[in-house]
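Structure, as structure tokens:
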Amino acid sequence: MGFDCRGSFANLSRMKFPRFFSLLIVATVFAFSLRAADKKLTVGFSQIGAESAWRTAETESIRGEATKRGVNLRFSDAQQKQENQIKAIRAFLAQGVDAIILAPVVETGWEPVLKEVKRAKIPVILVDRGINVSDESLYTTLIASDFVAEGRLAGEWLAKKLNGKGNIVELQGTPGAAPAIDRKKGFEQAIAKNPGLKIIKSQTGEFTRSKGKEVMEAFLKAEGKNVNAVYAHNDDMALGAIQAIEEAGLKPGTDIIVVSIDGVKGAFEAMVAGKLNCTVECNPLLGPAAFDAIEAVKVGRTVPKKTIVKDEVFDQSVAMDVIGSRKY
Ligand code: AHR
């Protein structure tokens with residue numbers, strides 16, 4: 001007896017094989033998506049350095065969140081140098097990371113490397129500082145504070161404290177960095193309404209305590225008792241300036257008013273001690289928002305181009321009450 005294979009194959013291909021193949025395809029797709037969901041994300045984080053307590057808090061927030069979410073984090077400390085950040089980004093590219101978190105030291109000079117990242121279709125999450133690029137599609141999203149608003153808040157607070165009259169010395173952040181540019185701008189806008197307020201000296205203290213102290217010593221040598229107030233672009237420089245004021249035999253917080261930005265624990269301690277008058281908060285705890293953005297992008301959701309973190313002003317009158325609840 002012969003076997004009519006033509007008929008059997010015809011039957012199978014008409015009925016069983018199509019169903020079998022569809023089931024196989026569905027099962028394969030399902031298995032692949034399960035594996036994709038299970039796959040550990042690898043994220044590169046290019047950090048500026050460790051110049052301030054604020055930055056250390058930011059690093060800890062991103063590292064801690066990565067651990068919490070089971071993300072494999074590749075961390076690189078650029079020691080304040082843009083060239084090191086560019087090298088780190090290229091290394092992340094070579095390693096084939098799933099996303100890059102970048103805290104850019106300065107605003108300009110990112111186009112060439114970010115074009116390479118875009119070609120590799122790797123999302124870039126900018127944290128804390130913005131960049132100047134003609135093509136905004138070179139990064140996915142920016143999560144940061146409004147630095148102009150912070151400078152404005154510091155200026156308004158100081159104008160009120162000095163009753164619109166006095167000589168101010170300014171300690172600027174890293175030259176070319178978004179917070180240095182914007183905090184200067186916002187502060188100047190605020191004090192411009194008071195013709196009696198003058199910035200008599202302004203120089204970079206590079207966002208560090210030691211440089212803040214060194215520059216303040218020079219300011220005091222040049223201007224002596226002419227100085228009524230210090231505006232520092234971050235708390236670390238203010239804490240350095242406080243040391244310089246004390247070493248010059250003056251009382252910080254009383255003889256010279258001190259206002260700064262960040263809201264780190266050390267600033268609250270200095271306010272409780274009566275040496276710092278006011279700090280404008282700049283929240284460094286950006287880890288949760290950064291990884292939320294990465295996870296959203298990875299499942300194809302669109303994220304806002306910019307997320308502004310809300311900040312508050314704290315002065316000596318509230319320092320004692322809130323110091324215990326500060327998280328950084
Ligand atoms: O970009 C945020 C600024 O950078 C913080 O104010 C400062 O402390 C840091 O180094």
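These numbers come from the heavy atoms of this one structure, side chains and all, not from hydrogens, waters or symmetry mates. Order of listing sets the numbers, starting from 1, for every ligand and every atom in it.
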Output, or 'none' if empty, a list of ligand 1-protein atom pairs in which both atoms are N or O and the distance is under 3.5 Å, rounded to 0.1 Å.
| unit_1 | atom_1 | unit_2 | atom_2 | d |
| --- | --- | --- | --- | --- |
| ligand 1 | 1 (O) | Arg55 | NH2 | 3.3 |
| ligand 1 | 1 (O) | Asp128 | OD1 | 2.5 |
| ligand 1 | 1 (O) | Arg129 | NE | 2.8 |
| ligand 1 | 4 (O) | Arg55 | NH2 | 2.9 |
| ligand 1 | 4 (O) | Arg129 | NH2 | 2.8 |
| ligand 1 | 6 (O) | Arg183 | NH1 | 2.8 |
| ligand 1 | 6 (O) | Arg183 | NH2 | 3.2 |
| ligand 1 | 6 (O) | Asp262 | OD1 | 2.5 |
| ligand 1 | 6 (O) | Asp262 | OD2 | 3.4 |
| ligand 1 | 8 (O) | Ser52 | OG | 3.0 |
| ligand 1 | 8 (O) | Asn234 | ND2 | 2.9 |
| ligand 1 | 8 (O) | Asp262 | OD2 | 2.6 |
| ligand 1 | 10 (O) | Glu51 | OE2 | 2.3 |
| ligand 1 | 10 (O) | Ser52 | OG | 3.1 |

To check you understand the geometry: which heavy-atom pair defines the closest contact between Thr279 and Met271, and what is its length?
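Looking at all heavy atoms of both residues, the closest pair is CG2-CE, 3.6 Å.
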Compile the donor-acceptor pairs under 3.5 Å between side chains in residues 320-328 and protein atoms, sequence neighbours left out, one pair per line.
| unit_1 | atom_1 | unit_2 | atom_2 | d |
| --- | --- | --- | --- | --- |
| Ser325 | OG | Val322 | O | 2.8 |
| Arg326 | NH1 | Glu281 | OE2 | 3.2 |
| Arg326 | NH2 | Gly263 | O | 3.0 |
| Arg326 | NH2 | Glu281 | OE2 | 3.3 |
| Arg326 | NH2 | Tyr328 | OH | 3.1 |
| Tyr328 | OH | Asp262 | O | 2.8 |
| Tyr328 | OH | Cys282 | O | 3.3 |

Residues clustered with Val297, ILVMFWY side-chain links under 4.5 angstrom
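Cluster partners of Val297: Val303.
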Listed by chain and number, what are the ring-ring contact (aromatic ring centres under 6.0 Å, His included) partners of Phe187, not counting sequence neighbours?
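Result, ring-ring contact (aromatic ring centres under 6.0 Å, His included) vs Phe187: Tyr231.
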Go through it in stages, so that I can follow the logic: the residues are Ile101 and Phe291, the test is side chain to side chain contact (heavy atoms under 4.5 Å, CB included), and I'd like the CA-CA distance, side-chain angles, deciding distance and then a yes or no.
CA-CA 9 Å; Ile101 301 177; Phe291 287 104; 3.8 Å; yes
How many angstroms lie between atom NZ of Lys161 and atom CG of Asn228, to the nearest 0.5 angstrom?
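One gets 12.5 Å once the value is rounded to the nearest 0.5 Å.
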